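Being a predicted model, the structure only gives us computed values, none of them experimental.
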Amino acid sequence: MARDTTDQTPVTSIADLTEYLAEGNKPKDRFRIGTEHEKFAFFKVDNSPVPYSGDASISALLNGMAAKSGWEPIIDAGNIIGLAEHSGQGAISLEPGGQFELSGAPLENLHQTCKESNRHLADLREIAEPLGIRFLGIGGSPKWTLAETPRMPKSRYDIMSRYMPKVGTQGLDMMYRTCTIQVNLDFSSQEDMRRKMQVSLKLQPLSTALFASSPFTDGKPNGLLSWRGDIWRDTDNQRAGVLPAVFNADFGFEDYVKWALDVPMYFVVREGKYHDCTHVTFRQFMNGALKGELADWEPNMGDWTNHLSTLFPDVRLKRFLEMRGADGGPWRRICALPAFWVGLLYDDAALDAAEELTRDWTYEDTLAMRNAVPAQGLAAKHRGVSLFDIGREVVNISRLGLKNRNRLNGDGVDESIFLAPLDEVLAKKATLAEDLLALYNGRWNGSVDPVFTDYQY
């Protein structure tokens, strides 16, 4: 998220925390689509990473975008670390290694989403080109070592960088060397949230497979199709992965709250200063664990909102649902990822079909797919059926949903047009990761450097 939340409303009970999530309920005619996409910034002269400071830098990009857009700079300890649109309709933020992210506005249809991403990329190229900077759209940093990757001066990332090696083996790689495309979607009630969360959590491994695009690490093949997907298998399993409680028939807002309460915190913000709180859970915080450490030790709703943003399940619940399984990718996939999920979750007939398809899928089934997909991609199997075959069925359900929505552009074309990249993957039975490996072993002559030219924004 671009900016951590400040809300001094006291937290007095678990009911307060549950009600916060339930306030996300909205009527179907107010459902919106919020798309986020990250990309790696690099210098076109030598494919090296872009540092935070200097004449040609990440901070220069942010200042240039601020001047062009009029968006408000977000400042952390004197450093510009993002931009916010004044009415809350979008933001630009930085991931820890300088990955440049647009958090899009909540929009009504996918035609608007695609226009938004194209406009953002065009504006960014206009600022970046004189600086000799381009952007790469794949899921994992293909060349730079962790030591070579720059670090952004963002307070929450300092805390996370110290904490990650204590709770997993790949947390720093997740932070500094991966990119994703995500979509945020609405729900109308607790039941609607439950159905959408159950369906999307079960299908998240399929999303990882369809969008796999991270087969290189440190300048060579890493033996995986989605390195990013594998990284999430051992980043911080207390706060990430597949949540067993979601599979319960009566799963609700309170169940998510109870899980979140017992996950260690990262920080609290007091008078603009970040305090490391990785030694306590939010439940302990509510029970007075920080009394004596902080003058203002009692939890507030801003603390809760910020804590929710530091949880990383494959589908994250806030006042909306975040689909978190996909690798980053070329610009067409910025439109394809939200199209995939909007088609499945925003049409009643499609949601019914997706729910029926996955009804008897268990936690163990989903976890097994999640573990298999990083190496096997769409060749991974669920109960003997390949994800190629399941993917065809699911994409067709999504297409049904998009056609039923009947949101047309000026040429009378519906939103299903944005599924084309997935149709191509399924038709040729090869993910983008496999395309990249074929190029590496063929025309690229064993070098990853051409990826910066062939897959740049």
Side-chain angles (χ1 to χ4, degrees), residues 24-37 89-90 102-121 181-189 191-204 206-207 210-211 315 319-323 325-326 329-359 390-427:
N25 293 335
K26 55 174 59 74
K28 190 172 182 178
D29 62 3
R30 290 179 52 207
F31 283 4
R32 296 293 183 266
I33 305 163
T35 303
E36 304 179 19
H37 52 94
Q89 301 296 296
L102 175 69
S103 297
L107 301 172
E108 294 184 20
N109 63 63
L110 292 160
H111 305 296
Q112 295 170 340
T113 294
C114 215
K115 287 179 182 177
E116 175 192 58
S117 64
N118 287 338
R119 183 173 61 250
H120 165 74
L121 293 173
I181 305 167
Q182 296 180 187
V183 65
N184 305 325
L185 299 175
D186 291 315
F187 45 79
S188 61
S189 65
E191 179 185 6
D192 189 43
M193 178 279 294
R194 177 190 306 127
R195 295 181 69 204
K196 289 173 176 174
M197 192 156 187
Q198 288 173 341
V199 166
S200 59
L201 190 61
K202 292 172 183 177
L203 290 175
Q204 216 60 224
L206 174 62
S207 176
L210 285 168
F211 287 86
V315 180
R319 286 175 166 171
F320 46 83
L321 292 171
E322 296 183 357
M323 307 295 120
W331 71 267
R332 293 173 69 223
R333 291 174 177 235
I334 298 172
C335 308
L337 186 278
F340 177 74
W341 289 114
V342 167
L344 291 172
L345 303 182
Y346 269 11
D347 173 71
D348 291 341
L351 181 56
D352 287 345
E355 187 174 45
E356 183 59 32
L357 175 68
T358 61
R359 187 177 303 281
I390 293 172
R392 289 191 192 96
E393 185 170 0
V394 173
V395 170
N396 282 333
I397 293 172
S398 176
R399 191 183 335 275
L400 167 72
L402 295 174
K403 287 185 175 296
N404 286 347
R405 275 168 54 82
N406 198 35
R407 305 296 176 89
L408 308 180
N409 65 12
D411 296 322
V413 178
D414 68 48
E415 297 167 308
S416 65
I417 189 175
F418 298 118
L419 293 176
L422 303 186
D423 292 333
E424 293 165 11
V425 166
L426 293 167

Exercise. Please collect all side chain to side chain donor-acceptor pair (under 3.5 Å) contacts where either partner lies in residues 106-115, sequence neighbours excluded, each pair once.
Key: none
Practice problem: Could you please spell out the steps behind the side chain to side chain contact (heavy atoms under 4.5 Å, CB included) verdict for Leu203 and Trp341? | Solution: CA-CA 10 Å; Leu203 290 175; Trp341 289 114; 3.8 Å; yes
Practice problem: Report the residues that fulfil side chain to side chain donor-acceptor pair (under 3.5 Å) with Gln204, sequence neighbours left out, ordered by chain and then residue number. | Solution: none
Exercise. Working to the nearest 0.5 Å, report the span between CD of Gln198 and CZ of Arg359.
Key: 9.5 Å
Quiz item: Do you know the tightest heavy-atom contact between Ser207 and Gly325?
Solution: OG-C, 4.4 Å
Practice problem: Report yes or no: does Asp186 contribute a side-chain atom to a donor-acceptor pair with the main-chain N or O of Arg32 at less than 3.5 Å? | Solution: yes
Quiz item: Who are the salt bridge (charged side-chain N to carboxylate O under 4.0 Å, His left out) partners of Lys202, not counting sequence neighbours?
Solution: none
Quiz item: Taking only residues two or more places apart in sequence, or in another chain, which ones meet Arg407 in a salt bridge (charged side-chain N to carboxylate O under 4.0 Å, His left out)?
Solution: none
Quiz prompt | Sequence-distant partners of Ile417, side chain to side chain contact (heavy atoms under 4.5 Å, CB included), two or more places apart | solution = Val413
Quiz prompt | side chain to side chain donor-acceptor pair (under 3.5 Å) partners for Arg405, two or more places apart | solution = Glu415
Exercise. With sequence neighbours excluded, tell me which residues meet salt bridge (charged side-chain N to carboxylate O under 4.0 Å, His left out) with Arg194.
Key: none
Quiz item: Which value, rounded to the nearest 0.5 Å, describes the distance between Ile397 atom CD1 and Arg399 atom CZ?
Solution: 11.5 Å
Exercise. Not counting sequence neighbours, which residues clear ring-ring contact (aromatic ring centres under 6.0 Å, His included) with Phe320? List them please.
Key: none
Quiz item: Would you say the side chain of Ser200 lies within less than 4.5 Å of the side chain of Leu344, judging by non-hydrogen atoms?
Solution: no
Exercise. List for me each residue that meets side chain to side chain donor-acceptor pair (under 3.5 Å) alongside Glu393, sequence neighbours excluded, and say none if there are none.
Key: none
Quiz item: Which atom pair, heavy atoms only, marks the closest approach of Ala339 to Phe418?
Solution: CB-CB, 3.7 Å
Self-check item: Minimum heavy-atom distance between Ala354 and Val199, given as atom pair plus value
Solution: CB-CG1, 3.8 Å
Quiz item: Do Ser117 and Thr35 have side chains that get closer than 4.5 Å, going by heavy atoms?
Solution: no
Quiz prompt | Gap separating the CD1 atom of Ile33 from the CG atom of Leu185, nearest 0.5 angstrom | solution = 7.0 Å
Self-check item: Listed partners of Arg392 passing salt bridge (charged side-chain N to carboxylate O under 4.0 Å, His left out), at least two apart
Solution: Asp389
Practice problem: Report the C-alpha distance between Leu210 and Val394 in whole Å, list the side-chain angles of each, state the deciding distance to 0.1 Å, and finish with yes or no for side chain to side chain contact (heavy atoms under 4.5 Å, CB included). | Solution: CA-CA 11 Å; Leu210 285 168; Val394 173; over 6 Å; no
Quiz item: Considering only heavy atoms from C-beta outward, does the side chain of Cys114 approach that of Leu110 to under 4.5 Å?
Solution: no
Quiz item: With sequence neighbours left out, what residues match Asp352 under side chain to side chain donor-acceptor pair (under 3.5 Å)?
Solution: Arg195
Quiz item: Nearest heavy-atom pair of Asn118 and Trp331: which atoms, and what distance?
Solution: OD1-CE3, 3.7 Å
Quiz prompt | Partners meeting side chain to side chain contact (heavy atoms under 4.5 Å, CB included) with Asp192 (sequence neighbours left out) | solution = Phe31, Phe187, Ser188, Ser189, Lys196, Leu351
Quiz item: Can you find a heavy atom in the side chain of His120 that is under 4.5 Å from one in the side chain of Ile334?
Solution: no
